Amino acid sequence: MKIIRTKTYEEMSHEAAKILAAQIVLKPNAVLGLATGSSPIGLYDQLIEWNKQGELDFSQIRSINLDEYCGLDGTNDQSYRYFMDTHLFDHVNIDKQNTNVPNGKAADYAAEGARYDALIEQMGGIDIQLLGIGPNGHIGFNEPDEFFTKETHVVDLDPSTIEANARFFASADDVPRQAVTMGMGGIMGAKKILLIASGASKKEILEKALFGPITPEVPASLLQLHPDVTVVCAVD
Ligand code: F6R
């Protein structure tokens with residue numbers, strides 16, 4: 001595991017963006033596993049800037065996102081599809097047909113999970129998976145539990161996740177109670193992992209995840225078993 005400590009969110013974003021950009025340059029049709037939330041916004045802004053300057057070409061890039069709220073479709077401005085469109089896809093030359101987010105409005109979530117896992121396989125696997133970390137150690141929406149779930153599945157969001165994500169909604173009552181998330185198998189199957197974290201509030205959970213016992217109570221701790229993880233953090 002490689003850990004890059006930076007001083008600010010901007011520096012973290014820049015360092016992490018360089019790693020994703022290197023992947024895009026090395027493999028122009030790479031499969032990028034992408035995340036939403038506050039952590040990657042600066043990184044996406046940097047990628048957009050390099051794309052506008054003609055330094056980075058997304059025309060053959062394929063992407064697969066970690067998660068989506070149940071009950072929200074892409075027109076809902078709180079959906080993760082909407083987030084990805086507005087924070088990245090609408091501003092770079094990516095073919096939207098090559099971008100994937102779980103279907104939050106699927107009639108049958110088990111079938112949606114199976115479709116999503118099959119899709120990852122058909123794409124040839126994820127070349128680099130970008131991750132944030134939740135205050136409870138979740139990655140994607142794999143919440144603390146008694147076991148790790150391998151497949152893409154529906155989860156009941158943890159009260160701490162609902163509270164943390166309430167800042168994006170009018171109130172905590174408006175945060176969906178469930179989400180579809182890529183499972184730990186999909187994440188751990190990625191060839192490379194890039195985990196970003198910023199803010200003092202993430203320091204303790206990040207240390208637990210990276211150096212504590214490997215346990216489903218801290219889902220991100222499983223990353224200790226992945227052979228190619230880079231962490232870029234600004235948590236001091
Ligand atoms: C988002 C996701 C989540 C976030 C995590 C951290 O797609 O899967 O695991 O990465 O909740 O969120 P922020 O970056 O908002 O602190």
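One-based numbering, in listed order, for ligands and for the atoms of each. FYI, the numbering just counts along the sequence from 1. Owing to the predicted nature of the structure, the values given are computational and were not obtained by experimental measurement.
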**Student:** Salt bridge (Lys or Arg N to Asp or Glu O under 4.0 Å): which pairs involve residues 178-197, sequence neighbours left out?
**Tutor:** Asp127-Lys191
**Student:** Looking at Arg81 and Asp73, is there a salt bridge between them, counting it only when a charged N and a carboxylate O are closer than 4.0 Å?
**Tutor:** no
**Student:** Do Leu194 and Leu20 come within less than 4.5 Å of each other through their side chains, counting heavy atoms only?
**Tutor:**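 Of all side-chain heavy-atom pairs linking Leu20 with Leu194, at least one is under 4.5 Å.
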**Student:** Go through Phe169 and Tyr69 one step at a time and tell me if the ring pair (Phe, Tyr, Trp, His ring centres under 6.0 Å) criterion holds.
**Tutor:** CA-CA 13 Å; Phe169 291 81; Tyr69 287 119; 5.6 Å; yes
**Student:** With a 4.0 Å heavy-atom cut-off, what residues sit around ligand 1?
**Tutor:**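 Answer by chain and number: Ala35, Thr36, Gly37, Ser38, Ser39, Leu66, Asp67, Gly132, Ile133, Gly134, His138, Gly140, Arg167, Lys202.
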**Student:** In the hydrophobic cluster built from side-chain contacts under 4.5 Å, what are the other members alongside Tyr82?
**Tutor:**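 Besides Tyr82, the cluster holds no residue at all.
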**Student:** Return the set of residues passing side-chain hydrogen bond (donor to acceptor under 3.5 Å, both in side chains) with Asp67 (not counting sequence neighbours), or none when no residue passes.
**Tutor:**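 Partners of Asp67 under the side-chain hydrogen bond (donor to acceptor under 3.5 Å, both in side chains) test: none.
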